[in-house]
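What follows is a single structure, written as structure tokens, with notes after it.
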There are 2 protein chains.
Amino acid sequence: MNIGSAARATELPRKTIRYYEEIGLVHPARAHNGYRDYSDTDVHRLKFVQRARSLGFSIEECRLLLSLYDDEHRASADVKALALEKIGEIDRKLDELQSLRATLSRLVETCQGNDRPDCPIIDDLARA
Amino acid sequence: MNIGSAARATELPRKTIRYYEEIGLVHPARAHNGYRDYSDTDVHRLKFVQRARSLGFSIEECRLLLSLYDDEHRASADVKALALEKIGEIDRKLDELQSLRATLSRLVETCQGNDRPDCPIIDDLARA
DNA sequence: TCTTGACCTTCCCGTGGCGGGAAGGGTTAA
DNA sequence: TTAACCCTTCCCGCCACGGGAAGGTCAAGA
């Protein structure tokens, strides 16, 4: 299976698949003409990474998850710890975004939003 | 005021201040020795940008906010529109993060987290 | 057989918003 | 004079790719 077919099978862009090879996440064989040749296992690993990425894991975390996936003697606690840390990260981002949202909302509420220049939003930025 | 003092006054790293000049957000004068020389106005603009960045505005949005700040004939509606769009952006990110969090939480709850290899989190990644 | 078009390859540059560090010059106090 | 800081420009690195150039390969049709 060449890279185009693998891209269709995984719904990943070709560029992304080549990048994943470059950084060592997958190791496809090469055909006699130099084309990359993806096995079902390769495609499976690519899908694994795609799913992990879509859940918010970084490339390095995906690498770790793949190594756990490969490890028959893994402890599920290690996987769970990774996921819990990711949840913590998400929670921190949520807090930050909610705080930003609250501040912006407060500012927006006080702004008339007409054709005159007086603007509490600009004033806030200039005052701080 | 040289860049070190400006950095202390604005709580921005020197590198960031130079970058803001490079991309045309501020235009400090130069002393005879080639050192950047920041006026109170320059420092004020830097603080303005720092505050806007901390509220989640991108550099290009900061550039726009600065031009509105400079424009005595601005319409506050334009500023408000920018802030509202930013709130919408934040809401989209919040939705996405909350969705990720829910998925990860579901997976984490089903995982025993012990020293055995069976792991619904890995299974989910591999199955999808 | 030749050509066309759809693949594939590697290579290099760009993104946003800076940070790190090298190489070199200016300033100030002991 | 020397040390300790300040400043300058310049270039590379980050993350996770995307765009595009230059060139090789392959299958189908005229």
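Naming: A, B, ... by sequence-line order, numbering from 1 per chain.
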Using heavy atoms to find the nearest nucleotide of DNA chain C for B:I59 and B:K15 separately, return the residue whose nucleotide is more 5′.
B:I59

On DNA chain D, compare the nucleotides closest to A:P13 and A:N33; which residue's is nearer the 5' end?
A:P13

Flag the pair B:D70 / B:R45 as yes when at least one side-chain heavy-atom distance between them is below 4.5 Å, and no otherwise.
yes

Do A:E109 and A:R106 meet the salt-bridge criterion of a basic N to acidic O distance under 4.0 Å?
no

Are A:Y38 and A:E21 packed together at the side-chain level, in the sense that at least one heavy-atom pair is separated by less than 4.5 angstrom?
yes

Give the minimum heavy-atom separation between B:A52 and B:L65, together with the two atoms involved.
CB-CD1, 4.1 Å

Tabulate below the donor-acceptor pairs under 3.5 Å that side-chain atoms of residues 119-128 of chain B make, not counting sequence neighbours, or state none.
| unit_1 | atom_1 | unit_2 | atom_2 | d |
| --- | --- | --- | --- | --- |
| B:D124 | OD1 | A:R51 | NE | 2.8 |
| B:D124 | OD1 | A:R51 | NH2 | 2.9 |
| B:D124 | OD2 | A:R51 | NH2 | 3.4 |
| B:D124 | OD2 | B:R127 | NH2 | 3.1 |

D:dG24 phosphate, OP1 or OP2, under 4.0 Å from A:H32 side-chain N/O:
no

Calculate the interatomic distance between A:I3 atom CD1 and D:dT25 atom P; express it in whole Å.
18 Å

Let me know, please, whether B:R30 or B:R8 comes out on the 5' side of the other along DNA chain D by nearest nucleotide.
B:R8

Whole angstrom is fine here: how far is it from CZ in A:F57 over to C1' in D:dC15?
18 Å

Interatomic distance, A:R14 CZ vs D:dG18 C1' [rounded to whole Å]:
13 Å

Rounded distance in Å - CG (A:D37) to P (D:dT25)
17 Å

Between CD of A:E22 and C1' of D:dA16 the distance, given in whole Å, is 11 Å

Give a yes/no on whether any side-chain N or O of A:R18 is located under 4.0 angstrom from OP1 or OP2 of D:dC17.
no

What is the first contacted nucleotide of DNA chain C and what is the last, in 5' to 3' order, if contact means an atom lying under 4.0 angstrom from a heavy atom of chain A?
C:dC7 to C:dC11

Do the non-hydrogen side-chain atoms of B:K47 and B:V43 ever get within less than 4.5 Å of each other?
yes

Looking only at side-chain N and O atoms, does A:H44 offer a donor or acceptor that is under 3.5 Å from a partner on A:Y69?
yes

Locate the shortest heavy-atom distance separating B:Y20 from B:V49; write the atom from each residue and the value.
CE1-CG1, 3.6 Å

Between D:dC17 atom P and A:L46 atom CG, what is the distance in whole Å?
12 Å

Look at the side chain of A:Y35 and the base of D:dG24, then say whether one donor and one acceptor between them are separated by less than 3.5 Å.
yes

For A:E21 and D:dC17, what is the distance between atoms CD and P respectively, to the nearest whole Å?
15 Å

Just do the side-chain hydrogen bond (donor to acceptor under 3.5 Å, both in side chains) check on A:R101 and A:S105 with the steps written out, would you?
CA-CA 6 Å; A:R101 195 197 190 288; A:S105 287; 3.0 Å; yes

Can you give me the bend angle of the helix from C:dT1-D:dA30 to C:dA30-D:dT1? Use the axis through the first five pairs and the one through the last five, nearest 10 degrees.
40°

Specify the separation, in whole Å, of atom CD of A:E60 and atom C1' of D:dA16.
11 Å

